[in-house]
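Single-structure report; data block below.
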2 protein chains.
Amino acid sequence: MPDRTQTSTGPLGDDTHARILETAGHVFAETGFQAAKVRDICARAGVNLAAVNYHFGDKLGLYNEVLRYAACAAGNAAEFDPALPGGTPEAKLRGFVHGLLRHMYGEDRPAWPVRIMTHELAQPTPAFQGVVDQIIRPRHEAIRALIGAIIGRPSGDRVTRLCTQSVMGQIIVYAHGREVLKRLWPDLRFTTETLDEIADHISAFSYAALRSMSRANRASSANGAPLRTARSGKRAAR
Amino acid sequence: MPDRTQTSTGPLGDDTHARILETAGHVFAETGFQAAKVRDICARAGVNLAAVNYHFGDKLGLYNEVLRYAACAAGNAAEFDPALPGGTPEAKLRGFVHGLLRHMYGEDRPAWPVRIMTHELAQPTPAFQGVVDQIIRPRHEAIRALIGAIIGRPSGDRVTRLCTQSVMGQIIVYAHGREVLKRLWPDLRFTTETLDEIADHISAFSYAALRSMSRANRASSANGAPLRTARSGKRAAR
DNA sequence: ACATCGATCAAACACGTGTTTTAAAATTCT
DNA sequence: AGAATTTTAAAACACGTGTTTGATCGATGT
C-alpha cells in the first residue's frame with residue numbers, strides 16, 4: 001500500500017501511474033468495465049501486469065479513478081453553465097448547446113470519456129450514483145431552470161421536465177446513436193464546422209419548439225408576433 | 001446437431017428450448033452479452049447447463065437467436081409505419097411517435113428487447129450490422145422521408161437528417177437515459193397515460209420545430225398564419 | 001558504502017466460465 | 001413392445017483473467 005501522494009516516481013517524465021490511467025481510459029471506453037482486461041491495459045501501457053494492483057489496489061479501483069476524471073471531462077465545463085447571468089434565454093440556450101456539444105464531441109477533446117459514460121448508462125457500476133449526484137444532477141437542474149424560464153413554467157413542472165428531456169435527447173443521441181449513425185450516415189464527420197452546424201440546428205429546433213410551448217406565446221398565439229420571447233423567468237425559480 | 005425444426009419436444013407445454021430463449025432475453029438485457037453467464041441463464045430457466053450448447057451450439061448462437069427476436073420486438077411494428085398513406089404529415093408524425101413509444105416502453109410490452117438494443121449500441125456484436133440493415137435502416141428512411149415532407153426538403157438533405165436525429169433523439173433518450181432518469185425523476189412511471197403524455201409532448205415539440213424550419217413556412221414567415229403546414233411533400237421524394 | 005524503502009518484474013495462484021463428454025432418461029417410430 | 005433417436009443430466013475439462021507472491025532493481029539518506 002504505497003502512499004501515492006505524488007512522490008515523483010521517476011526521473012523520466014513518463015510515470016507508470018499516469019500511463020496506466022491514460023491507457024485505461026481508452027480501453028474502458030472501448031469495451032466497458034467488465035469486458036476490459038487488465039492484461040490488455042498493461043500491455044498497451046507498456047507496464048507490468050502487477051502495476052495495476054500495486055498502484056490502484058484492484059481493477060475496480062483503477063476504474064473508479066478513471067471514471068472520476070471521465071465524468072468531469074464528459075460533463076463538466078464552466079464555459080456553458082446556463083446558470084450564468086447575462087444574455088437572453090435564447091442566447092443562453094444556444095451557448096449551452098454549443099458548449100456541451102463541443103465539449104462532448106469536439107475534435108480537440110478525447111472521445112473516451114463520453115464513451116465510458118455510454119457504457120456506464122447501459123450498465124451502471126456502483127460508482128454511477130456518485131457521478132449522477134455530483135456531475136449530472138446540478139447541470140440538469142440548471143438547464144431545467146433555463147428551459148422553465150423560456151416556456152414560463154416552474155423548474156419542476158412536468159412540461160419543463162419533458163422539454164428538458166427533448167433538448168438533452170437531441171444532444172446525447174450523437175453519443176448513444178453513434179454506432180447506428182456511422183452506418184446510416186457514414187459521411188458525417190465531427191469536424192468543428194459540423195459540430196457548430198449541429199449545435200445551431202439543435203438550438204434553433206429546440207428554441208422554436210419551446211417558444212411554441214411558452215405560456216406567453218400561447219396566450220398571444222394565432223397572431224404570431226414572431227419576437228415575443230418568454231419573459232417570465234421569475235416564475236421559473238426552482 | 002439436432003434438426004430443431006420444431007419437433008414438438010415434449011408433451012408438457014414448457015419446452016426447454018423456448019424457456020432458455022425466454023430467460024436468456026432477460027439475462028442478456030440485464031448485463032449485455034459478454035457479462036451474461038450461461039450458468040445464470042440455465043439456472044433461472046431451470047434447465048441443465050449443457051442444454052444451451054445442445055440447442056443453440058454455443059453462447060453466441062443463443063444470443064443471435066435472442067437478438068433477432070429482440071430487434072423485431074424493439075423496432076418492428078406495422079401500426080406506425082410512417083410510409084402508410086393517408087392523413088396529414090402532422091398526423092403521421094404523431095402516429096409514428098405514439099406507436100414507437102408505446103411499442104418500446106409500453107407496460108404490456110416486455111422491456112428486455114429495448115435493453116438488449118441499448119447494450120448492442122454501447123458495444124456492438126457482429127450481429128449488429130444485420131440488425132441495422134434489416135430493422136433500423138428501412139424505418140429510418142421512412143421517417144426521414146416523412147420529416148423531409150414536413151419541412152419541404154429531400155429525404156437525403158442535411159437539414160432533414162439533422163431533424164430526424166432530433167426527433168429520434170427525443171424518443172430513444174427514454175431508453176438510454178433510463179438509469180439517469182430513474183435518479184433525476186424518480187416519480188416518473190411509464191403508465192399508458194404517461195406514455196401518451198410523452199408522445200403528445202414529443203409530437204408537439206417536434207412538429208412546432210419542424211414547421212418553423214419548413215421552407216413553406218419560412219417563405220411566409222413573420223405573418224404567422226398558424227395553420228400553414230408544409231404541403232411540399234412532392235419535393236421530398238427520396 | 002551500506003541500509004532502507006518504494007517500484008518493477010516474472011511467475012504462479014485461485015477462481016469463474018464456456019464447452020465437452022459420457023451416461024441415463026424420455027420420446028418417437030415401426 | 002422394442003429399437004432408434006432425441007433430450008436431459010452430472011461431472012470434468014480447458015482456458016482466460018484478476019490477483020498475489022517473492023525476488024530484484026533503483027534511488028535516497030545517513
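Just so it is clear: chains get the letters A, B, ... in the order the sequence lines come, proteins before strands, and each one is counted from 1.
- Between C:dG18, D:dT6, D:dG18, one nucleotide has an atom nearer to the side chain of B:Tyr54 than all others, and that is D:dT6.
- In this structure, A:Trp112 and A:His26 have tilted ring planes: the angle between them lies in the 30° to 60° band.
- Using a 4.0 Å heavy-atom criterion, one finds that A:Ala36 contacts the sugar-phosphate atoms exclusively.
- Ion pair B:Arg102/B:Asp108 not flagged as a salt bridge, since none of the NZ, NE, NH1 or NH2 atoms sits closer than 4.0 Å to an Asp/Glu carboxylate oxygen.
- Under the salt bridge (Lys or Arg N to Asp or Glu O under 4.0 Å) criterion, A:Glu65 pairs with no residue, sequence neighbours left out.
- Contacts between residues 56-66 of chain B and DNA chain C, counted as heavy-atom distances below 4.0 Å, involve B:Asp58, B:Lys59.
- Looking at A:Glu179 and A:Lys182, a side-chain N of the basic residue comes within less than 4.0 Å of a carboxylate O on the acidic one, giving a salt bridge.
- Across the protein-nucleic acid pair, B:Leu49 atom CG and C:dG18 atom P stand 9 Å apart, rounded to whole Å.
- Between B:Asn53 and A:Asn48, the one whose closest nucleotide on DNA chain C sits nearer the 5' end is A:Asn48.
- Between the NE2 atom of B:His17 and the C1' atom of D:dT8 there is a distance of 15 Å, given to the nearest Å.
- Proximity of A:Thr16 to the phosphate of C:dA7: no side-chain N or O atom is located under 4.0 Å from OP1 or OP2.
- Evaluation of atom-type donor-acceptor distances gives no pair under 3.5 Å for the side chain of A:Arg39 against the base of D:dG16.
- Between B:His55 and D:dT8 there is a side-chain polar atom (N or O) within less than 4.0 angstrom of OP1 or OP2.
- Across the protein-nucleic acid pair, B:Asp40 atom CG and C:dG16 atom C1' stand 13 Å apart, rounded to whole Å.
- At the heavy-atom level, A:Ala50 lies under 4.0 Å from base atoms of the strands shown.
- Looking at A:Ser166 and B:His201, their side chains do bring a donor and an acceptor atom within 3.5 Å of each other.
- Between the C1' atom of C:dG18 and the NZ atom of B:Lys37 lies a distance of 12 Å, rounded to the nearest Å.
- Annotation: side chain of B:Thr164 is not in contact with side chain of A:Trp185 (no heavy-atom distance under 4.5 Å).
- Contact check for B:His119 versus B:Leu67: no side-chain heavy atoms found under the 4.5 Å cut-off.
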